[in-house]
Number of protein chains: 2
Amino acid sequence: MTAVSEPRATKAIARARRRAPYDAESLLDVAVQVFNERGYDGTSMEDLAQAAGISKSSFYHHVEGKEALLAAACDRALDALTAIREDPLAQEGRAVERLENVLRLTVMALITELPYVTLLLRVRGNTASEKKALERRRDFDRFATDLVTQAIADGDLRTDIEPALATKLVFGLVNSLIEWYRPGRTPSDEVVNSTVSLALVGLRA
Amino acid sequence: MTAVSEPRATKAIARARRRAPYDAESLLDVAVQVFNERGYDGTSMEDLAQAAGISKSSFYHHVEGKEALLAAACDRALDALTAIREDPLAQEGRAVERLENVLRLTVMALITELPYVTLLLRVRGNTASEKKALERRRDFDRFATDLVTQAIADGDLRTDIEPALATKLVFGLVNSLIEWYRPGRTPSDEVVNSTVSLALVGLRA
DNA sequence: GTCTATAAATTGATAGAC
DNA sequence: GTCTATCAATTTATAGAC
């Protein structure tokens with residue numbers, strides 16, 4: 001059974017099944033992990049190549065460059081956040097219910113896309129692609145602020161905290177997950193429930 | 001009244017009064033500001049010199065080097081946090097009262113030392129001095145965790161959230177201030193009260 | 001696809017004149 | 001104290017052999 005005698009499709013599948021060790025996606029995973037450990041600017045392409053177990057030149061064969069890696073990671077995180085806005089749970093019911101759903105979906109997105117969102121939330125805006133990522137992030141912030149503002153106007157949340165301030169506090173609480181949450185330590189269900197509960201109990205009228 | 005005829009002490013005072021434009025402290029302020037804008041690793045000594053309005057070489061005349069600037073800034077932030085542990089308000093009364101005081105003092109420290117604490121909370125631990133700063137920071141985290149644990153054991157805080165998780169959430173909320181608080185926008189009193197209130201109301205039994 | 005070699009630019013830091 | 005000039009190391013990225 002030599003590979004030569006097999007049809008092309010079979011070869012492609014076999015290749016995929018044994019998980020080609022170095023495809024663009026797995027190298028992105030490696031890069032994002034190292035970026036999060038040492039910081040994006042504190043990581044050299046040599047660091048990434050070593051973490052992947054190949055030479056720097058081979059690494060470049062698979063990826064466009066350092067900034068493209070960061071942009072791809074940010075896009076993945078931002079796509080996850082954007083999907084929340086379009087989720088039916090974010091569009092029906094009272095504002096306070098939509099807010100609770102959005103908070104829950106956000107915590108879940110933070111957990112499932114943790115490395116990517118971590119990188120996104122640390123972006124400083126030094127380059128053009130970083131500025132673009134920050135702009136998309138601000139879109140989500142505005143969406144969240146509108147939701148909190150509406151819930152307060154509905155009389156469902158305490159009125160002694162400014163809407164903009166309340167939003168920043170609640171999403172600051174939620175986003176702080178990237179600083180301490182590590183998969184496998186605490187069941188993610190418990191983290192989701194505790195986080196949403198703590199945020200909303202403190203905020204309710 | 002020529003400078004030549006004045007005694008040395010007078011000259012020194014006059015020099016100090018007109019605020020020598022480039023002393024080590026004011027250059028640290030400049031450096032910390034730029035570090036926070038572009039990230040520590042994303043900032044070059046050339047960037048710092050330009051921000052200070054002098055050449056890179058002149059800048060080096062006043063400061064030891066890049067890492068020393070970071071260490072000095074972290075030390076200042078950590079000194080502010082350490083002072084909280086030694087504050088009488090953190091040592092008397094029930095654990096839940098001490099916790100409320102510590103939360104309030106922490107928010108106040110974040111606000112008064114904002115640039116320094118911001119830099120500290122972003123340190124990744126890449127160098128020896130950064131690792132040392134992270135270790136001092138962990139000391140404060142342990143102190144905070146003990147306080148929350150005790151308050152839960154006292155029956156003053158809700159028991160359905162793990163002490164370690166509750167601590168991370170509450171201090172995640174408090175520390176998120178560095179991401180959005182900017183002096184002069186919202187009165188600091190309002191931020192302190194709202195932050196402490198939101199955190200504790202959500203946490204109380 | 002992988003590698004060694006190297007280019008081209010930047011960086012932290014210093015030398016030494018004024 | 002400030003500057004220009006420069007060093008030595010590092011960094012992003014490419015060339016080209018296998």
Side-chain angles (χ1 to χ4, degrees), chain A residues 3 8 11-12 14-16 18-32 34-35 37-73 119 123-124 126-130, chain B residues 3 8 11-12 14-32 34-35 37-74 119 123-124 126-130:
Chain A
R8 290 176 66 187
K11 267 165 72 178
R15 181 201 181 71
R18 64 178 154 77
R19 292 274 292 141
Y22 304 121
D23 55 2
E25 200 184 308
S26 68
L27 288 182
L28 176 61
D29 284 344
V30 170
V32 169
V34 181
F35 284 159
E37 282 168 12
R38 311 159 81 106
Y40 172 75
D41 286 307
T43 302
S44 71
M45 292 299 275
E46 178 66 38
D47 292 331
L48 297 184
Q50 278 183 21
I54 52 181
S55 74
K56 192 170 50 159
S57 195
S58 297
F59 195 87
Y60 268 105
H61 180 77
H62 298 282
V63 305
E64 251 186 80
K66 194 179 171 183
E67 197 177 347
L69 285 167
L70 178 62
L119 203 49
V123 153
R124 309 299 315 150
N126 288 344
T127 66
S129 64
E130 290 182 43
Chain B
R8 288 175 66 186
K11 266 163 73 178
R15 181 200 180 74
R17 297 192 85 249
R18 63 177 156 78
R19 290 276 290 144
Y22 304 120
D23 55 4
E25 201 184 308
S26 68
L27 288 183
L28 176 61
D29 285 343
V30 170
V32 169
V34 181
F35 284 159
E37 283 167 10
R38 311 160 81 104
Y40 172 74
D41 286 308
T43 302
S44 71
M45 292 300 275
E46 179 66 39
D47 292 331
L48 297 184
Q50 278 183 21
I54 54 181
S55 73
K56 190 169 54 157
S57 195
S58 297
F59 195 87
Y60 268 105
H61 181 77
H62 298 283
V63 305
E64 251 186 79
K66 195 180 172 183
E67 197 177 348
L69 286 168
L70 179 61
C74 287
L119 202 50
V123 154
R124 307 298 317 151
N126 288 344
T127 67
S129 65
E130 290 181 44

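For the numbers below, each heavy atom of this structure counts, side chains included, while hydrogens, waters and symmetry mates do not. What you see is a predicted model; the values in this text were computed from it and never measured. Residue numbers start from 1 in every chain, and the chains themselves are labelled A, B, ... in the order their sequence lines are given, proteins ahead of strands.
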Whole-Å gap separating [atom2] ([N]) and [atom1] ([X]):
X: H62(B); N: dT14(C); atom1: NE2; atom2: C1'; value: 16 Å
X: Q50(A); N: dC3(C); atom1: CD; atom2: P; value: 12 Å
X: I54(B); N: dC3(D); atom1: CD1; atom2: P; value: 7 Å
X: N126(A); N: dT12(D); atom1: CG; atom2: C1'; value: 16 Å
X: E46(A); N: dT6(C); atom1: CD; atom2: P; value: 16 Å
X: L27(A); N: dT2(C); atom1: CG; atom2: C1'; value: 13 Å
X: L48(A); N: dT11(D); atom1: CG; atom2: C1'; value: 12 Å
X: Y60(B); N: dT14(C); atom1: OH; atom2: P; value: 7 Å

K66(A) (side chain) donor-acceptor with T43(A) (main chain) under 3.5 angstrom
yes
Within a radius of less than 6.0 Å around CD of E37(A), do more than 12 heavy atoms belonging to other residues, nucleotides or ligands occur?
yes
Neighbour count above 12 (heavy atom, 6.0 Å) for E46(B) CD:
yes
Do S57(A) and dC3(C) share a donor-acceptor pair, side chain to base, under 3.5 Å?
yes
What contact category does S55(B) fall into here, base, sugar-phosphate, or nothing, at under 4.0 angstrom with non-hydrogen atoms?
base
Would you mind classifying the nucleic acid contact of S58(B) as base, sugar-phosphate or nothing, using non-hydrogen atoms under 4.0 angstrom?
base
Checking dG1(C), dT12(D), dT2(D) against the side chain of S44(A) (C-beta onward), the nearest is dT12(D)
List the steps, then state whether side chain to side chain donor-acceptor pair (under 3.5 Å) holds for D29(B) with S26(B).
CA-CA 5 Å; D29(B) 285 343; S26(B) 68; over 6 Å; no
